[in-house]
Amino acid sequence: MFGYSGKILHIDLTERKTWVEEKPEDWYKTWIGGVSMATRLCWENIKPGCDAYSPDNPVCIANGIFAGTPVPVGGKYGLASKSPQTGMIGDSLSGSWFTIALKRANWDGVVIHGASEKWVNIFIDDDRVEFRDATKLLGKGTFETEEAIRDGLADDQVRSATIGPSGENMVRFANVTNDGRQAGRTGHGAVWGSKKLKAVSVRGTHGIPVADPETLNQLAFDITKEAQGPHTSKYRLLGTSTNVLNMNKLGLLPTRNYQEGVFEDAEKVSGEYLHDHHKVKTIACAQCPIACEQMSVVKSGPWEGSMTGIEYECLFANGSNLGINDMNAVIKLISIADGSGMDAITMGLTISWAMETFEKGIFKKEDFKCKKYPEGFELKFGNGEAAVTTAELIRDREGIGKVLSEGTHVASQMIDKERGTETWKWTMQAKGLETAGYDGRGLKTFALGSAVGVRGPCHNRTAAYDPDIQGEVDRFKVDERRGELAKDTEEYAAVYDTLPLCKFIRRCFTGKADRAGAWPTIAKLINATTGWEFKYEDVDLIGVRAHTIKKAFNIREGWKREDDTIPYRWMHDPMTKGPSAGHVVSDEELEYMKDLYYTAKGWTKEGMIPKQQLIELGMPDVAEQIGV
Amino acid sequence: METIQVFVEFSAVSRVLTGMSEFPLNLKKGASIADLIAALGKKFPQLLGQIIEKDGKALIPTNVFSVNGQKIIHETDTTFQPDDGDKLILLSLLSGG
């Protein structure tokens, strides 16, 4: 078999043993890699119904088909477990050297079972697995942990995926980090923390045979050349953070916990401002010719020297969403999230929920007593120092940080039960996952995509904002096309997330990003790597299968139609300012669009998957368990 | 000849290339969005091949105009006619990752 080793490595932390599972080629043709293969491994290895923090919830890592080959932006892997935030599938992606090392160690995927009694650093040294004591790594940040492991092994080619203090403390939205990149969203770091798994390190020394190296090299060369042109210049020059002003001009920039969509100081926390005043360099993931990460630094003041990579989602969440107009505070906040290994979106939206709760008089100053401020502090919108202190309390689970480290869904339940309040009405989450930086009140197709998202509302798993923002549909209205559009955009995204390829490359195949523009070249890349004979239809099926297995996982964990929803605020609180003022997504609109979506998917009115459909997709065992 | 004045707002790459955040543009009354794009390409040739197609006839995909932050003009709609005083916001949209 070309492109794959045919082997999955199983590691049991409880028993400290390992074994190898060999998979047939047809299994790979069905699940490919990335989030699809990781979710399938989860499906096969989890005990259904288990708690996310249980030893029965495995950590599943799946390489990409193109990792370690010349294919640009193909150095990504999928990570899946049951999410402690949603109780459903938690599937994430991360890029760069870790996955290449794992591929060069001859493993297509890794499944980590059980839980360790003591903190452990798994070291995969080609086909040898070592359980290393991680006690000395405790308390170290994500970047420092990677460096310490390399130093300890005296090998700068060892690559690690790690958790930081947030994961150790089981902050519910902790991330896993490798090579400065995060497998974010859904709380993988907390799952690792529950297993006392501080890091997975890899040294891989093998080559990666492909079926047709000459063709693959030529394709990769052509795509790389295109990736230096106008299709990606916006990513290279300024990065995704320019969406701050884009969204502000459309009245869609989350401001003060989504109370408004226009921020009066948007220029001061924009990508353009970041570029002019804070950017120090642009960096790229391994195997990427684009380089979109804008490394930015605080140059003076109390947070001088704080530095991290900035992109739109973390920028909106910790800037306009907190009413903060000081970029120094925003960079500091994001550096706390990245350095300690927690999701910068959920962290920002949890702080903004707490700010609104404070301003509504439910949280008091004394709720924020801590070592730094023994009398407490006032967590008001716009107060950068208060936000930074709150982020540190979350990271350390100190004082009010114990509650906030649970994310908005659980934290609001705790506070509402204790104080008889309804703070849940301004939690910006659905299924327990906080929303992305596009306001659904002014993007009706995206509101649907967010509602039905299998890992919760997410900008990366659905591109349903595209038809809204590009004028294909009226973004303020609903019509009969929305179900089909939501289906098409999520399955399109699932192809990229399964290979995986970074979506920023999507116009570099032919100039057109749609299926007709991209799928034929992607089929050629797959065939040159594996020797298979994939066609357009087979590429399309990659996305359908990936999305279906994730949905099937959720159904087996108890998903119901009413779980497909959006934040209360998007349905009941219209914004008062800007171009999107006055709009909400009504209950009737949402239910109508969900009907359209389930019909487009070929599912029942209750959102269940027919047995026959699962059988036709090559999932007979799934059909047996959850098909109707 | 009757003319109208519209205000083109730049952000992101277009702001870096033009060095300005807004530019007033005079057009014949009844001019279409295609006429506006052509005029913009002549005034700012540095946008050609980056934001506007090299032939000056259309925006490169993912770049769109929003009229006053409300209506978004789809790339296939070349006949839209702006009104006097309209803000034409040039958006370079980014998504994915």
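The sequence lines fix the lettering, A, B, ..., with proteins before strands; numbering per chain opens at 1.
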Would you say the side-chain atoms of Asn68(B) and Asp86(B) include a donor-acceptor pair closer than 3.5 Å? yes
Among residues 8-35 of chain B, which residues come closer than 4.5 Å to chain A, judged by heavy atom distances? Glu9(B), Phe10(B), Ser11(B), Ala12(B), Val13(B), Arg15(B), Val16(B)
Checking Phe65(B) now: which residues fulfil ring pair (Phe, Tyr, Trp, His ring centres under 6.0 Å) with it, not counting sequence neighbours? none
At a heavy-atom separation under 4.5 Å, does Asp77(B) approach chain A through its side chain, its backbone, both, or neither? neither
Using non-hydrogen atoms and a 4.5 Å limit, figure out which bit of Ile89(B) sits close to chain A: side chain, backbone, both or neither. side chain
Which region of Asn248(A), side chain (C-beta onward) or backbone (N, CA, C, O), has a non-hydrogen atom less than 4.5 Å from a non-hydrogen atom of chain B, or is it both or neither? neither
Can you find a pair of side-chain heavy atoms, one from Gln182(A) and one from Asp338(A), that are under 4.5 Å apart? yes
Residues Asp497(A), Asn460(A); criterion side chain to side chain contact (heavy atoms under 4.5 Å, CB included); working and verdict: CA-CA 9 Å; Asp497(A) 295 339; Asn460(A) 250 331; 5.5 Å; no
Lys249(A) side chain reached by Met247(A) side chain, heavy atoms, under 4.5 Å: no
Distance-only polar pair, side chains of Thr186(A) and Arg455(A), donor-acceptor under 3.5 Å: no
Side chain Asp343(A), main chain Ile345(A), donor-acceptor under 3.5 Å: yes
Side chain, backbone, both or neither: which part of Phe476(A) has an atom under 4.5 Å from a heavy atom of chain B? side chain
Cut-off 4.5 Å, heavy atoms of chain B, and the answer for Glu267(A) is side chain
Checking salt bridge (Lys or Arg N to Asp or Glu O under 4.0 Å) for the pair Lys71(B)/Asp474(A): CA distance, chi angles, key distance, verdict? CA-CA 8 Å; Lys71(B) 178 178 173 62; Asp474(A) 185 334; over 6 Å; no
Applying side-chain hydrogen bond (donor to acceptor under 3.5 Å, both in side chains), run through Thr445(A) and Arg482(A) and close with a yes or a no. CA-CA 6 Å; Thr445(A) 319; Arg482(A) 304 309 167 99; 3.0 Å; yes
Would you call Asp91(A) and Arg461(A) a side-chain contact if the rule is heavy atoms closer than 4.5 Å? yes
Counterpart residues, ring pair (Phe, Tyr, Trp, His ring centres under 6.0 Å), relative to His275(A) (two or more places apart): none
Contact origin within Leu237(A) toward chain B - heavy atom pairs under 4.5 Å: side chain
Distance alone, cut at 3.5 Å: any donor-acceptor contact between the side chains of Thr62(B) and Lys234(A)? yes
For the residue pair Tyr273(A) and His277(A), does the interplanar ring angle fall in the parallel (under 30°), tilted (30 to 60°) or perpendicular (over 60°) class? parallel
Per-residue contacts, residues 39-50 of chain B versus chain A, heavy atoms under 4.5 Å: Gly49(B), Gln50(B)
For Glu272(A), is it the side chain, the backbone, both or neither that has a heavy atom under 4.5 Å from a heavy atom of chain B? side chain
Given Gly95(A), Cys292(A), Ser580(A), Pro579(A), the one with more heavy-atom pairs under 4.5 angstrom with chain B than any other is Pro579(A)
Side chain, backbone, both or neither of Leu245(A) within contact of chain B (heavy atoms, under 4.5 Å): side chain
Greatest number of heavy atom pairs closer than 4.5 Å to chain A - which of Ile72(B), Ile51(B), Ile73(B): Ile72(B)
Can you tell me if His547(A) and Glu491(A) form a side-chain donor-acceptor pair at under 3.5 Å? no
Could you tell me whether the side chains of Tyr77(A) and Asn178(A) share a donor-acceptor contact shorter than 3.5 Å? yes
Turns out that what part of Arg475(A) lies under 4.5 Å from chain B's heavy atoms comes down to side chain
